[in-house]
Every structure is written in structure tokens, then in C-alpha cells.
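To start, the structure itself, in C-alpha cells.
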Amino acid sequence: MSEQTNIDGINEHDRLSDELESRKNNLQRFIDFGIDPWGGRFQSSHAINDLHTEYGELTKEALEEKNLNVSLAGRLIAIRKHGKAIFGNVLDSTGSIQLFFSNSALAGNNVVEGNSETNQWVLLDLLNLGDWIGVSGTLMKTKTGELTIRVADWKILSKALRPLPEKYHGLQDKELRYRYRYLDLIVNPEVRQVFKARTEVTKVVREILDSHGFMEVETPALHQVAGGAIARPFVTHHNALDIDIFLRISLELYLKRLMIGGFERVYEIGRIFRNEGMDRDHNPEFTMLEAYEAFGNLQTMMELTEEICRKSCEKVRGGTISAFREYELDFGSKFAEKDYADLVEEYSGVDIRGDRNRDNLFKACKNLKLDVEDNATIGQLIDQLFDELAQPNLIQPTFVTNYPIEISPLARQAVGKPGFVQRFELFVAGHEIANAFTELNDPVDQRARFTEQAKMRAAGDDEAHPVDEDFLYALEHGMPPAGGLGIGIDRLVMLVTGAHSIRDVIFFPMMR
RNA sequence: GGGCCGUUAGCUCAGUUUGGUAGAGCAGCUGACUCUUAAUCAGCGGGUCACAGGUUCGAUCCCUGUACGGCCUACCA
């Protein structure tokens, strides 16, 4: 969109469009009449949806008797002209309502001093679909029973120079819907609902955490070491310092620093960035909730996770069942709990409890026809067995516990289970939704884990966790024992809204 | 990364089956109409048929390539 613009600020290429030309003429005519077409403050008496809920059930006669005056502002989304009567519909952020304009009510309203040629009836001709208007009048019902405002006074609040998408089919083209989300929002009511649901979910999350005494905080998005998760970061450069820095791939390590600082319960809902593939479950930037509870553990994190999922579903769906893709997800029952190694054995036949010999694991993966990298590490091989064979079977909410240590460098080791850590992930509909640890607060063990990761990195695993000396320095000052939890907010919203793609729950998803 | 499909008016879509440079509805414009709601009726304007090559007397249509997108798949915690 870098074509040159003319002095009117409208793309030169579009000057040829009749429609644009006509709308600009209407704009100019408002200006010629001395009317500011860009509006200003407008005091609404009601939100549209409130009118429907408060008065929608009243009879025509009851409304006449009430003689209720209302004023509201919104976008004109439909217009039906009938000579000396005009019906229209306005849309505000809560819904839409019908307007009734009549010559008899408006022709006497001179809008410009000393110009009796111009009145609010004549000016209706200058309106186009998409314009913002403010109206006031009485609430009534038409003979077909539709709640309607009999307009006594109206004004233009903003002019739309471009037309809305087609009124019946709306905007269908998915590329246009994602790229021009504002149009999608105007014409597709169900899209508005999805994003309202998204906000409900984050609200529920905040309410729950706040009520448990957690403090919401903000931590840096620019990191010198991209840690706290196993993923490829976006790299950028700080000019003044002349150093490369990374966009964060998780919130974990700064939130832990805050616990070291003495804030015992903290959480952040923040955008994180991973430089990896995009598909219906992945967007390069997405929203993560991370919460840390000093003196908590895996059990308290499970309870928190269940509460967040259950209440999010209830808030959005009005019940604990959600339809997602081909599944009926039940967030009402106690979530299942399964052991990682059991699941791997159940679906692959491979026992990862005993001696984890890399070559044996490699052969086992090959025998199972998994597409493994020749230089895959033990962690990657185990992970692949789980991800490809076990994970797709986890449909109803299931906590998977006791993760292998190789893929969990920030979690405390399991008691009496060498090679495993105190960690769970929650899977729903075959997708990872949450990830939690009893956090590793032993700085000596943490250094050893980072060192192990460094070896994997040297062995070709470019996603292995880097050694973070600054974090180790912090940890050496003492972090309370804690439970920590991460929840992918976008995926949670997908589950409770039934969204097909992550792009349907992100206002402006990544597009080429 | 791979496969399949798509790109025609501002939007939603036909169509060129068999090559002769295109249609509808909505939106816009003109007119009629005071209870319509996908209003209706009469008329008008609007197109680099994604882009670039090729074949051909002639390409929007056939072929090749490119761009962008969708779905699936793979990769990626």
C-alpha cells in the first residue's frame, strides 16, 4: 500500500472508482453546508444491546405509552428507502437496531442557520453505508414488531469513503478477513463474539489469579538470553549498545527473578515470540500466561489449571462442555492424570524408564517409522515418541506427569525417579495447553542442567536451552520453592470458542 | 519443505464446456414509493479476468513460470 496519494489523501489509483467519487462528493456537500462531517463528542443514552434486553419484550402499545427518548451513536449498516420514509440499521459495539426516518419528522429540522433549503430530511441523501451517525428519538415498535428508533434528530459523526463488504454474504475471503480484520468485525457478528470471548477468558484468568493473591506484573520482552523454553527466537539488534538481542520466547526467567526478589505470587499475561512454523495452531507471536506460586508445587498448579480451564469454558459457553473440531470437550469432570513414561510405553512399546541408550532409542524410533534426525539427542527421540504417538490420543483434558529430565531443564527432579522431573503438561484435543513444574530452585543443579543443555546444543540441537549466567547469579541468592505454570491463552480461547484456526482468535494474525 | 485447490467489478459469485477481450446479485448513480428489513420496481455507470512469458491470426480461457492465499501434510515444543 505504498502507492502515491493525491492531495486529498486518497490513493491515486482509486480515483477512478465511481463509488469513492460519489462518497467524496457527499462529504464535500456536508462541508459546503457548514457541517463538520467528522463529528465530535456524542452522548449516548443507551447501548443498543441494552435497549433490546430492556425493552425488546414490551408491546408496541406499551412502548408508545412509555414514550421513551433515546440517543445513540453507531455505524449505518443498512438502509431501505421508501419515498418519504426510510428505514436503516445502526451498529454499535453491542449490537444493531433499526432506525425509522420520516419526512414528516425531519423536514422541519433546519440544520444550518439561515438555510431553509437544507434540513435533516434532505441531508439523509448524503449518507452512505458505513457512515457513523448519532441519532435521538423515541423507541417504538413497527407493525412487524421490530424494536425501532423513530428518529427525531440526527447528525453525521464520521464519513466512510469506501463501501462496506457485501451485505448478505459479508466478507468471505479468508485472506481479506485476516488482513482487513476491521471489515470482518463490522460485517461478521460471530467474529465479534469470538473476540469478546477472548477478552472474557483473560478476565476470568485475572479474576482467578487475583483472588488467589497473585500480583500481575510486566517483565522485559527484549532479552539478552532467550530462555525459559525450548524454541528458536527472533533476533534483533540494539543500535546504541551494538548488541544483538532476542524477543522473549517465554516469561519464565524474569518471573523467577521476581520471586527471588520476594514477590511470592506473580503472574504475567504477555506476548511471546517464536521463530518457527505457522499453521492453524501456531502464530509467531502469541499470548502466554505464566504464574508462579512460592511454596506451591505441582499439585497446586494442577488445581489452578483446572480452575482456569473450567471457569473459562463456563464463562464463554455457559457450561462445562465445549465443541471443538470433532470433539466434545468436558471441562467439568476432574481432569485425568497419566504418567509420561506409561503413555510412551502404551503407544510405542518403548520403555524409557530404564537405561536410556541413545542408539537403542534411535533404532526403536526407526522401527516405528518415525522420521528422526540422524543426530537426534536422547531428549529429542523421547519427545518424538511422545509427540507423534501418544499426544494425538489425549483428547479429553489430561495431565501428563513425570517428564524426562532431558527435555525439562528448569524443573525439579522427581523424588525416587531418576531421569524424571516434577512436571506436567495439560493436553486437550491432542494439543498442549499448559505446562507446569515444581520449579528447580537449586542453583547447583540448575547449572548442571544448563551445562547438559549446552552439550546438546554442541551436539547439534540448536533449540537446547542456553546457559544463562545472569539467571544463575540471581538463583544463587535463593529462590523459594515454588510451583510454576504456563498456559497458552490463544489455544485455550480456541478450545472454548471452537475456533478452527489460531488465526481466528488473534485480531491481526501474521500474514506475509 | 511437499501435495491439492484458488485468484474474474468495492463485495459475493457465474462464465468462456469447444480460444473470438465478460455476466448476475449486493454496493454506487438517476427516478418512483411513508412500516421496510437480503425492501420492491424502472434505468445507468463500473473490469489490466493476479502478474510475466509462451503457443496462436487472435489468450481472460491452453501451456510454463512467478506472486499471494486457502486446505492438507511435514518441520518446529
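In what follows, chains carry the letters A, B, and so on, assigned in the order in which the sequence lines appear, proteins first and then strands, with residues in each chain numbered from 1.
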Does [X] place a side-chain N or O at less than 4.0 Å from the phosphate oxygens OP1/OP2 of [N]?
| X | N | result |
| --- | --- | --- |
| A:K174 | B:C71 | yes |
| A:T144 | B:C35 | no |
| A:R80 | B:C35 | no |
| A:R177 | B:G70 | no |

Quantified in whole Å, what is the [atom1] atom distance between nucleotide [N] and nucleotide [M]?
| N | M | atom1 | answer |
| --- | --- | --- | --- |
| B:A38 | B:U12 | C1' | 12 Å |
| B:U18 | B:G25 | C1' | 29 Å |
| B:G10 | B:A27 | C1' | 7 Å |
| B:G47 | B:G23 | P | 13 Å |
| B:A14 | B:U60 | C1' | 14 Å |
| B:G65 | B:G6 | P | 16 Å |
| B:C68 | B:G28 | C1' | 29 Å |
| B:G20 | B:C61 | P | 11 Å |

In this structure, is the centre-to-centre distance between the rings of A:F427 and A:F386 below 6.0 Å?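 Yes; A:F427 has its ring centre under 6.0 Å from that of A:F386.
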Confirm from the modelled atom types if [X] and [N] form a donor-acceptor pair under 3.5 Å, side chain to base only.
| X | N | answer |
| --- | --- | --- |
| A:Q172 | B:U12 | no |
| A:T142 | B:U36 | yes |
| A:E175 | B:U7 | no |

Given the ring of A:F420, does A:R356 sit roughly above its face, with NZ or CZ under 6.0 Å from the centre of the six-membered ring and within 45° of the axis?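 Yes.
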So, is the end of the A:R423 side chain (NZ or CZ) under 6.0 Å from the ring centre of A:Y403 and within 45° of the ring's axis?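 Yes, A:R423 lies over the aromatic ring of A:Y403.
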Side-chain heavy-atom pair A:V191, A:D504 within 4.5 angstrom cut-off: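 When only atoms from C-beta onward are counted, A:D504 and A:V191 do not touch, as no gap falls below 4.5 Å.
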Do A:F101 and A:W154 have side chains that get closer than 4.5 Å, going by heavy atoms?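 The answer is yes, as the side chains (C-beta and beyond) meet within the 4.5 Å cut-off.
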Just call it for [X]: base, sugar-phosphate, or nothing, with non-hydrogen atoms closer than 4.0 Å on any strand.
| X | value |
| --- | --- |
| A:L183 | nothing |
| A:Y403 | base |
| A:H431 | nothing |
| A:D173 | sugar-phosphate |
| A:E432 | base |
| A:N275 | nothing |

Can you identify which nucleotide, out of B:C11, B:G28, B:U36, has its nearest atom closest to the A:E19 side chain?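 It is B:G28.
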When you measure from the side chain of A:R503, which nucleotide among B:U12, B:C76, B:G70 comes out closest?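 Nearest to the side chain of A:R503 among the choices is B:G70.
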Taking A:D342 first and then A:K338, would you say they form a salt bridge - that is, a charged N and a carboxylate O separated by under 4.0 Å?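 No, no charged N to carboxylate O under 4.0 Å.
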Which is more 5' along RNA chain B, the nucleotide nearest A:A78 or the one nearest A:I407? Just name the residue.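 Nearest-nucleotide comparison on RNA chain B picks A:A78.
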Which residue, A:N26 or A:E388, contacts RNA chain B at a nucleotide closer to its 5' end, judged by nearest heavy atom?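 Its nearest nucleotide being more 5', the pick is A:N26.
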Which one is paired to B:C62, where only Watson-Crick or G-U wobble pairs with both distances under 3.5 angstrom count?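 Answer to the pairing question: B:G54, which forms a Watson-Crick or G-U pair with B:C62.
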Is there a Watson-Crick or G-U wobble partner for B:C68 with both distances under 3.5 Å, and if so, which one is it?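 In the structure as shown, B:C68 has B:G6 as its Watson-Crick or wobble partner.
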